[in-house]
Protein chains: 2
Amino acid sequence: MAYPTQITTDQLDAAALTFDLLSVPGRLHLVWLLGTGELDVTTLAQSTGASIPATSQQLAKLRAAGVVAARRDGRRQLYRVEDPHILVVIEQMFGHIGGDGTITPDPGQARPPRRPRFADVADVAEVVEREDQQGRPELSRPGPS
Amino acid sequence: MAYPTQITTDQLDAAALTFDLLSVPGRLHLVWLLGTGELDVTTLAQSTGASIPATSQQLAKLRAAGVVAARRDGRRQLYRVEDPHILVVIEQMFGHIGGDGTITPDPGQARPPRRPRFADVADVAEVVEREDQQGRPELSRPGPS
DNA sequence: CATTCAACCAGTTGCGCAAATGAAAGAAGC
DNA sequence: GCTTCTTTCATTTGCGCAACTGGTTGAATG
């Protein structure tokens, strides 16, 4: 994939619009959480620490943009990532940002994203409850409901 | 590069902040234009169609974020991309958006970005003057000053 | 002459709160 | 056993507010 040598305003706008969706930490967090599987609104709200309505609104925007999609499961609404390509972009971005939020050098070949050197637990993006699990701190995502 | 299984709030914020820089078409355009080499403010302003002050301001933000850097050349200020990694992200994004601004499917392997089927000239992101050059419409970027 | 700074305006955005909607589960009646 | 009403829960929507953002204009700087 060579660097594009020509773009249209439409492309520019579309790209900017998509970037905009990811420009809010909370929303980015949502997409990231949905990166592995379906999750319902309540769980997402808990995970991000945002209120339910706020979460719903963000999800609505993401859904309107076609980034995520929802499906009903009983009373709950399960959201999932509908446009996987965006995950590639996010992955790309996170791959170059250290756990401390610093931009890692190395432009060309992304070295295996060095495991964020055990950040303080409190520093980790709140994921569900702080399950006091031991072993590998895989305290990242909520398990499938 | 595996999809990250753990992130910190700092990472989230940093990523969102960077995405935010790319969320404005004009600013994204600037970074894109600088993707190949140094350009001065005036040229950039012409290329994007924005005013000089506006361009300068956007560049200032990009510079503050470390995305671009500037160097003086006589009267002009030549900007360049300082953080190449961001180009990868942009490239990634554009690689999945058609000339008409549509999101192209195919998440995994990006097929060779199908040449934007000769978009109407007026539709092409204004690049410098509409140089009526013929042959391959390489009317994309301003030549090195 | 090229660029930046400063002040101002217009438009947008995200969030919290309260109310409304939609769907499932249980209770009551026929 | 099958409808119908009621309660309950998950999610969504409307509204107001505070904060932020980008652009323009005009002056200042190098």
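Quantities reported herein were computed from a predicted structural model and do not represent experimental measurements. Quick note: numbers below take in every heavy atom, side chains included, and nothing from hydrogens, waters or symmetry partners. Each chain gets a letter, A, B and so on, in the order the sequences are listed, and its residues count up from 1.
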Quiz item: Over its full length, what angle do the end axes of the helix from dC1(C)-dG30(D) to dC30(C)-dG1(D) make, each axis taken from five pairs and the result rounded to 10 degrees?
Solution: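 End axes: 40° apart.
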Students often get this wrong, so: under 4.0 angstrom with heavy atoms, is [X] touching a base, only sugar-phosphate, or nothing?
X	value
R27(A)	sugar-phosphate
R75(B)	sugar-phosphate
Q57(A)	base
S51(B)	sugar-phosphate

Quiz item: Parallel under 30°, tilted from 30 to 60°, perpendicular over 60°: which one fits the rings of H96(A) and H85(B)?
Solution: parallel
Counting only N and O atoms by type, is there a donor-acceptor contact under 3.5 Å from the side chain of [X] to the main-chain atoms of [Y]?
X	Y	result
Q11(A)	T8(A)	yes
R71(A)	R80(A)	no
R27(B)	L30(B)	no

Could you state the [atom1]-[atom2] distance from [X] to [N], rounded to the nearest angstrom?
X	N	atom1	atom2	value
D20(B)	dG22(D)	CG	P	7 Å
K61(A)	dT12(D)	NZ	P	14 Å
L59(B)	dG22(D)	CG	C1'	14 Å
L28(B)	dG22(D)	CG	C1'	16 Å
R72(B)	dG30(D)	CZ	C1'	6 Å
Q77(B)	dG30(D)	CD	P	13 Å
Q58(A)	dT12(D)	CD	C1'	14 Å
L62(B)	dT21(D)	CG	P	14 Å

Self-check item: Span of DNA chain C, from the first to the last nucleotide whose atoms fall under 4.0 Å of chain B heavy atoms
Solution: dC1(C) to dA6(C)
Quiz item: Of the candidate nucleotides dT13(D), dT24(D), dA10(D), which contains the atom at the shortest distance from the side chain of T42(A)?
Solution: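 Taking heavy atoms from C-beta onward, the closest nucleotide is dA10(D).
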Quiz item: When you check the phosphate oxygens OP1 and OP2 of dT12(D), does a side-chain N or O of S56(A) lie under 4.0 Å from one of them?
Solution: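 Answer yes for this pair, as a side-chain N or O of S56(A) is under 4.0 Å from OP1 or OP2.
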Quiz prompt | Distance test, side-chain N/O of Y79(A) to OP1/OP2 of dA10(D), below 4.0 Å | solution = no
Quiz item: 5'-most contact on DNA chain C: S23(A) or G74(A), nearest heavy atom basis?
Solution: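 By nearest-heavy-atom nucleotide position, the 5'-most residue is S23(A).
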Quiz item: Taking the nucleotide of DNA chain C with the closest heavy atom to each, which residue, R63(B) or A54(A), is nearer the 5' end?
Solution: R63(B)
Under a 4.5 Å cut-off applied to non-hydrogen side-chain atoms, are [X] and [Y] in contact?
X	Y	answer
R63(B)	V68(B)	yes
L28(B)	F94(B)	yes
M93(A)	F19(B)	yes

Practice problem: Applying side-chain contact (heavy atoms from CB on, under 4.5 Å), run through T42(B) and Q46(B) and close with a yes or a no. | Solution: CA-CA 6 Å; T42(B) 301; Q46(B) 287 174 174; 4.1 Å; yes
Quiz item: E82(B) and V67(B): side-chain contact (heavy atoms from CB on, under 4.5 Å), yes or no, with the steps?
Solution: CA-CA 5 Å; E82(B) 182 74 355; V67(B) 173; over 6 Å; no
Quiz prompt | Positive for side chain to side chain contact (heavy atoms under 4.5 Å, CB included) with V31(B), one of L59(B), D83(B), V89(B), I86(B) | solution =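 Going through the options one by one, the only one that passes is I86(B).
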